[in-house]
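In what follows, a structure is listed as structure tokens, so that the remarks can point back to it.
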Amino acid sequence: MNAITLDTPLDGVVGGRTSAALKKALGLSTIRDLLWHFPRRYSARGELTPLAGLPVGEHVTVLAQVLDVRQRRMQRGGTLLEARITDGFGSLQLTFFNQAWRAGQLIAGARGIFSGKVSEYRGQLQLQHPDYELFDQPAGDGRALPELSPEHSQQLDEAAALAFAMRPVPIYAATSTMPSWTIERAVGLALDAVVGTGALHDPLPGEVRRSAGVIALEPALELIHRPEAQPDWQRARDSMRFREAFELQLALLDRRRKLAAVTGTARPRVTGGLLTAFDAGLPFTLTAEQIEASDTISQELAAQVPMHRLLQGEVGSGKTVVAIRAMLQVAETDVAVGSAAVEVEADGAAAGAAVANATGGRATVGGQSALLAPTEVLAAQHFRSVQEMLGPELTERLHPVLLTSKMPAGERRKALLALASGQAHIAVGTHALFSEGVSFYDLGLVVVDEQHRFGVEQREALRLKGKNPHVLVMTATPIPRTVALTVFGDLETSFIRRVPPGRQPIETFTVPIAERPKWAERAWVRAREEIAAGRQVYVVCPAIAAGTSEEQDAGLAAELAEIAKAETIVVADGRKPEAVPLASVEQTLAELSERPDYRGVRLAALTGAMKSDEKDRVMRDFAAGNIDVLVATTVIEVGVNVPNASTMIVRDAERFGVSQLHQLRGRVGRGEHPGLCLLLTHAAPGSLARERIEAVAATSDGFELAERDLHLRREGDILGTAQSGGKSTLRLLRVTEHGQLIEHARELAAQLLQSDPELETAPLLAAQLAEEARQQSLDNLAKS
Ligand code: ADP
Ligand code: MG
């Protein structure tokens, strides 16, 4: 017989039917799957209710003794089992349909705890299909229950009842076909099968366990599923949570160590070349922090070990220019490239010929960089700002191309050719960049913009388009340290905390419409005053037209859905949130043009639904001062720089994420005039939605705001799809709550790796890491 391990399939342990149901309902197929399906919460059985005076319709738990049991066939078929129970004062009927086998348990005299919902049938109180647990199981061999003296009996009952009532009941994430108590039973069988067999080897070295104060794996699993009392499951859950944090940090640190052992291509800086020309053409001088980050990056690019760096920065701190400088360094370095495998989708022959032409037989063309953005709109904006920053000459030399999935086929093919031939040194695009048909001549640097919308896997997919290229990840706004450690724990970090000098302060105010209708009106008057003073105004709306909504990236949509789920968007005037139509660009334009005081004010719309050339025209007009009020969706979130714009009004501010609002308001206060940002909202005071908006109003420091935002998110996993280290690792760990634990786990993981890099003292951990790495490379093989 094979020894039972955690990988043993469930059917032999819990039976064929239950295992099939567990698989279907919850996707659990091995003992490990089941034992790591932790209870979502625990409920106390609670107070015992006396049988006299039971409340109909309520859930009760009673301590009682079976008086008598009757069984009968029902007219319409099936059986009915009725048991009468009493506590000496009142009595209650239990009914079970088609469960005649319970007659073997519920015999007269048996005592236990019964719990269920009280109903009334023909004047008789009853519990239908109650949950119950008997204290003195009738002996299977037919012996009668021992006679007890009344006092003794009562004592025994009370002690047992107390223990039973105190014992927390695990409540599992369940489905209608797989109720919690069935899971509980299956987990019990699985535990019985493995506890004491040595199958639950603890992968954590004793040293780590002691430093972290966690209990061994076997008791931890036992107590998380079968606690006797509340402190049991709390201790067990803390231990299992630490294990999650530790294993994740170990994987990230190990990944970082392994990446450092890989060789890529050195792209050293060339003095007096493109970079010098670029710097000379910049209309500003770089800040000290920009220079510091740039220098670090420059040195890392010059090494054979690929760079893996996270650049965190405040909104408007000038990360783009740092990224472009890195791209220039890569573009400048001529590296001998072997015969690059050139594949262009569809017409391969024509492409091959074109490549031969474009490269003119040269062996070296300088390295390429890819800049990855999360949405089409952002990619297009990045593309434009790259061109702008480079200026005409460098643009011509470096030939940046845009690549998104919505491009016309002809344009796309041209871009693909330019990349495959090495003619284009910079590619800006969405995830279309790492789709199948894309190949680079010599991809030297991958830049991923915009925080944690991309996961490790996507970063990895793009990395595979080159031979161990350097990687730079940039966040759009600062992120909390614990999120950085969890999502980007495999990267080194640089910070740009301050925006360039000369920026004006931005004042932000919450304008609660329902409570303060006059304030809302005042917002429009205030904007009008700015226009009269010659300044310009942005108005941001969540929708383009009534009944529509602007394109949202998946990460934000998930964040907002999470907030909505927590039932926190409460509208102050009593309406349901969905009954309040979203403020739209169209409607706002109409409203403003009808206001007498806005007569003569030049209004224009800017939305993602407009054609690119139309958008360009509007943006140029606004930048030139030919438009006073730009009514827009979040398309202006990034890349828009109009120094004369002083005021921003955001309508339905509760529809935007905290970092999105922070990013949005960064559009004003860019010139000589102080910025003003008014956040109009329907969110009721005290609601989470309102607190988030107030947090944005309370601080303009993005790093501080990020921490506040983290604490405001009570439930849910803010990592979304970006979880590091594989699919199913985070069950108990929440970066929102367990910051200290994560830090501690990281310290201990680093200590372990330092004293024992190959994990010889922790072979089980080593095996886990190897397995994870193997799975990841399989995933990646499947993708590339
Ligand atoms: P973010 O870090 O938010 O991506 P950007 O890279 O878009 O910020 O830069 C914001 C604006 O600041 C741009 O218009 C850019 O040209 C400008 N900028 C960048 N660095 C400096 C600097 N050192 N001095 C003045 N302006 C700068
Ligand atoms: Mg940016």
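Just so you know, these numbers use all the heavy atoms, side chains as well, and skip hydrogens, waters and symmetry mates. Residue indices begin at 1 and follow the sequence shown.
The distance from the CD1 atom of I649 to the CG atom of L676 is 8.0 Å, given to the nearest 0.5 Å. Note that the NE2 atom of H470 and the CG atom of L445 stand 7.5 Å from one another [nearest 0.5 Å]. Atom CG of L678 sits about 10.5 Å away from atom CE of M648, to the nearest 0.5 Å. Note that the CG atom of L679 and the CZ atom of F656 stand 10.0 Å from one another [nearest 0.5 Å]. The CD1 atom of I693 sits 3.5 Å away from atom OG1 of T681, with the distance rounded to the nearest 0.5 Å. Rounding to the nearest 0.5 Å gives a distance of 8.0 Å between CG of L394 and CZ of F278.
A salt bridge is absent between E289 and R497; no separation between the charged side-chain nitrogens and carboxylate oxygens falls under 4.0 Å. With respect to R522 and E529, a salt bridge is recorded, a charged nitrogen being found less than 4.0 Å from a carboxylate O. Between E388 and R384 there is no salt bridge, since no side-chain nitrogen of the basic residue lies less than 4.0 Å from a carboxylate oxygen of the acidic one. Salt-bridge formation is not detected for the pair E591/R595: no Lys NZ or Arg NE/NH1/NH2 atom is positioned less than 4.0 Å from an Asp or Glu carboxylate oxygen.
Taking each heavy atom of Q290 and I496 in turn, the nearest pair found is CG-CD1, 4.1 Å. Minimum heavy-atom separation, A609 to I544: CB-CD1, 3.7 Å. The shortest non-hydrogen separation linking T486 to I742 is OG1-CD1, 3.7 Å. Taking all atoms of both residues into account, the shortest heavy-atom contact from V428 to A379 is CG1-O, 3.4 Å. Residues V447 and M327 approach most closely at CG2-CE, 4.0 Å, considering heavy atoms. Of all heavy-atom pairs spanning G675 and Q504, the tightest one is N-CB, 4.4 Å.
Shown here is Q587, whose CD atom has more than 12 heavy atoms of other residues, nucleotides or ligands within 6.0 Å. Summarising the local packing, CZ of R481 is surrounded by 12 or fewer heavy atoms from other residues, nucleotides or ligands at distances under 6.0 Å.
A donor atom on one side chain and an acceptor atom on the other are found under 3.5 Å apart for R665 and T508. A donor-acceptor contact closer than 3.5 angstrom links the side chains of E314 and H662. Between the side chains of R651 and T588, a donor-acceptor pair is found at a separation under 3.5 Å.
Without hydrogens or angle criteria, R535 side chain to A645 main chain gives no donor-acceptor distance under 3.5 Å. In this structure, S435 contributes its side chain and A432 its backbone to a donor-acceptor pair below 3.5 Å. Using modelled atom types, one side-chain atom of R528 and one backbone atom of D597 make a donor-acceptor pair closer than 3.5 Å. Side-chain N or O atoms of R602 include one that pairs as donor or acceptor with a backbone N or O of G625 at under 3.5 Å. The closest donor-acceptor contact from the side chain of S700 to the backbone of I506 lies at 3.5 Å or more, if one exists at all. Under a 3.5 Å cut-off, the side chain of Q312 and the backbone N or O of T475 do not form any donor-acceptor pair. Proximity of a side-chain donor or acceptor of R708 to a complementary backbone N or O of T699 within less than 3.5 Å is not detected. Listed for the D701 side chain is a donor-acceptor partner under 3.5 Å among the backbone atoms of E704. Proximity of a side-chain donor or acceptor of D628 to a complementary backbone N or O of V601 within less than 3.5 Å is not detected. K465 places a side-chain N or O within donor-acceptor distance of the main-chain N or O of V438, the cut-off being under 3.5 Å.
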- request: In sequence, state the C-alpha distance, the side-chain angles, and the governing distance for V446 and L372, and then conclude on side-chain contact (heavy atoms from CB on, under 4.5 Å).
  value: CA-CA 8 Å; V446 171; L372 179 64; 5.6 Å; no

- request: Give the C-alpha distance, both sets of side-chain angles, the deciding distance and a yes or no for side-chain contact (heavy atoms from CB on, under 4.5 Å) between L472 and M307.
  value: CA-CA 7 Å; L472 178 65; M307 170 176 77; 4.0 Å; yes

message: Before you tell me yes or no, could you show the steps for L402 and E411 under side-chain contact (heavy atoms from CB on, under 4.5 Å), namely the whole-Å CA-CA distance, both residues' side-chain angles and the distance that decides it to 0.1 Å?
response: CA-CA 9 Å; L402 178 68; E411 247 175 79; over 6 Å; no

- request: Take R667 and V315 through the side-chain contact (heavy atoms from CB on, under 4.5 Å) test and state the conclusion after the steps.
  value: CA-CA 9 Å; R667 301 307 105 204; V315 180; 3.9 Å; yes

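Side chains of L630 and M619 form a contact here, defined as non-hydrogen atoms less than 4.5 Å apart. The side-chain heavy atoms of S494 and E292, taken from C-beta on, include no pair separated by under 4.5 Å. Looking at T647 and V668, their side chains never come closer than 4.5 Å, going by heavy atoms from C-beta outward. Counting only heavy atoms from C-beta outward, the side chains of L390 and L328 approach each other to under 4.5 Å. Contact check for R325 versus L286: side-chain heavy atoms found under the 4.5 Å cut-off. Under the 4.5 Å side-chain criterion, counting only non-hydrogen atoms from C-beta, L403 is in contact with L416. Proximity of L680 to W524: side-chain heavy atoms (C-beta onward) are separated by under 4.5 Å at one or more points. The closest side-chain heavy-atom distance from W519 to F509 is not below 4.5 Å.
Note: Y538 and F622 have tilted aromatic rings, judged against thresholds of 30 and 60 degrees for the angle between ring planes.
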